[in-house]
Amino acid sequence: MDKILFFNPRSADHHHRLPNSILQVAASVGGKYDFVVVDGNLEKDPWGKIAEYLGSREFRFFGCTVMPGPQLGQAIPFTRKIRELFPSVITVWGGYFASLYPETAIRSGMIDYLIRGCAEVAFPLLVDCVIRGEERNLNKIPGLVYLSSQGFPVMNDAGPVPEPDRLNPLPYDQLAKFYDLNRYLPRTWLGVRTFSYHSSMGCPHHCSFCGVAGV
């Protein structure tokens, strides 16, 4: 009943990269809570897969990473359907869109919580609070955004960026249970089989066209 469904909405038609953002958050709860991954870039019918999982009534949380642009095309309608068809499932958004437009997202009526910035610390704390019935401690979770009992957005201060070397390794073995990892090894200008990898957090530059600077 306390399982977590992580969803990576479709962002590209070709050269599908590993869903590293989702894997990073999944790593933070690995070994403590069971989870599954649905990758909208690879699934022919991602909503069908999501509905199949949630229909089992074993999942309590739906975690979705959302970038402005293409990912909204699946993130918005799918989250609305979850609210309509599976109202007991707790929906959590993260990613660029949630971080840049938290008030718009949390006022949408379809999201229970969102996390601004890095979620590696905040997400497992949120899951713990909800499962233990300790919602009084939500104000202590860094970067968490939610609605107060009066319906006003509460935006907790973001915590420090976590040290990459102290984070859990990405759960590639878990992802391999759902997808053939060879599908994430496309030919690019770098070589015949290339692999995406995050070697650092953030960026030292502040280019005006990039979401990283805003986050």
Side-chain angles (χ1 to χ4, degrees), residues 1-67 70-83 85-86 89-99 110-115 118-128 130-131 162 164 167-186 194-198:
M1 179 58 187
D2 292 329
K3 291 183 178 180
I4 302 166
L5 192 161
F6 288 112
F7 177 50
N8 182 52
R10 188 175 185 84
S11 61
D13 293 327
H14 305 288
H15 301 302
H16 306 314
R17 297 181 178 179
L18 280 163
N20 283 332
S21 56
I22 280 293
L23 290 180
Q24 193 74 63
V25 183
S28 70
V29 297
K32 188 172 184 180
Y33 298 105
D34 290 335
F35 66 84
V36 299
V37 176
V38 176
D39 190 348
N41 285 322
L42 298 187
E43 289 287 347
K44 293 182 178 180
D45 180 20
W47 170 250
K49 179 63 69 173
I50 291 171
E52 179 184 347
Y53 279 130
L54 299 185
S56 70
R57 307 298 176 181
E58 296 179 354
F59 292 83
R60 191 168 183 180
F61 300 90
F62 172 78
C64 183
T65 181
V66 189
M67 291 189 297
Q71 287 195 322
L72 289 168
Q74 290 185 344
I76 290 176
F78 289 5
T79 307
R80 281 177 176 165
K81 285 184 178 181
I82 292 172
R83 175 64 79 222
L85 300 176
F86 307 100
V89 173
I90 297 169
T91 55
V92 186
W93 272 23
Y96 284 161
F97 187 85
S99 298
M110 61 182 177
I111 304 167
D112 293 298
Y113 304 100
L114 68 84
I115 298 172
C118 299
E120 293 88 342
V121 174
F123 186 77
L125 291 176
L126 171 62
V127 173
D128 287 344
V130 171
I131 290 178
L167 297 176
N168 294 334
L170 300 191
Y172 299 117
D173 55 338
Q174 284 292 100
L175 183 64
K177 295 179 180 179
F178 312 111
Y179 299 103
D180 178 3
L181 298 190
N182 285 298
R183 300 178 70 184
Y184 294 108
L185 298 173
T194 59
F195 202 68
S196 58
Y197 177 75
H198 291 175

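This structure is a prediction, so every number in the text was calculated from the model and none was measured. Note: hydrogens, waters and symmetry copies are ignored here, and every other heavy atom, side chains too, is used.
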Give a yes or no answer on whether the side chain of [X] reaches the backbone of [Y] with a donor-acceptor pair at less than 3.5 Å.
X    : Y    : answer
T194 : P186 : yes
Q74  : P9   : no
T91  : R83  : no
S28  : V121 : no

Which distance, rounded to the nearest 0.5 Å, do you find between the [atom1] of [X] and the [atom2] of [Y]?
X    : Y    : atom1 : atom2 : answer
R10  : L42  : CZ    : CG    : 8.5 Å
S21  : L170 : OG    : CG    : 10.0 Å
I82  : I90  : CD1   : CD1   : 12.5 Å
L85  : I50  : CG    : CD1   : 11.5 Å
I115 : W93  : CD1   : CH2   : 13.5 Å
L54  : K81  : CG    : NZ    : 12.0 Å

Heavy-atom pair of closest approach, residues [X] and [Y]:
X    : Y    : value
V38  : L5   : CG2-CD2, 4.1 Å
F61  : D2   : CD1-O, 4.3 Å
G40  : P46  : CA-CB, 4.2 Å
Y53  : F59  : O-CD1, 3.3 Å
L175 : Y184 : CD2-CE1, 3.9 Å
M110 : I76  : SD-O, 3.8 Å

Who pairs with Q71 by side-chain hydrogen bond (donor to acceptor under 3.5 Å, both in side chains), at least two apart in sequence or on another chain?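 Testing Q71 for side-chain hydrogen bond (donor to acceptor under 3.5 Å, both in side chains), a comparison that skips the adjacent residues, returns N8.
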With sequence neighbours excluded, residues passing side-chain hydrogen bond (donor to acceptor under 3.5 Å, both in side chains) with Y179: E43
Any side-chain heavy atom of I131 within less than 4.5 Å of one from R60? yes
Do L167 and Q24 have side chains that get closer than 4.5 Å, going by heavy atoms?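 A side-chain contact exists here, since the closest heavy-atom pair is under 4.5 Å.
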Can you list the steps and then say if Y172 with L18 is a side-chain contact (heavy atoms from CB on, under 4.5 Å)? CA-CA 9 Å; Y172 299 117; L18 280 163; 3.9 Å; yes
Step by step, would you call F7 with I22 a side-chain contact (heavy atoms from CB on, under 4.5 Å)? CA-CA 7 Å; F7 177 50; I22 280 293; 5.9 Å; no
Kindly state whether the ring of F6 and the ring of F123 have centres lying under 6.0 angstrom apart.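 Under 6.0 Å, so yes.
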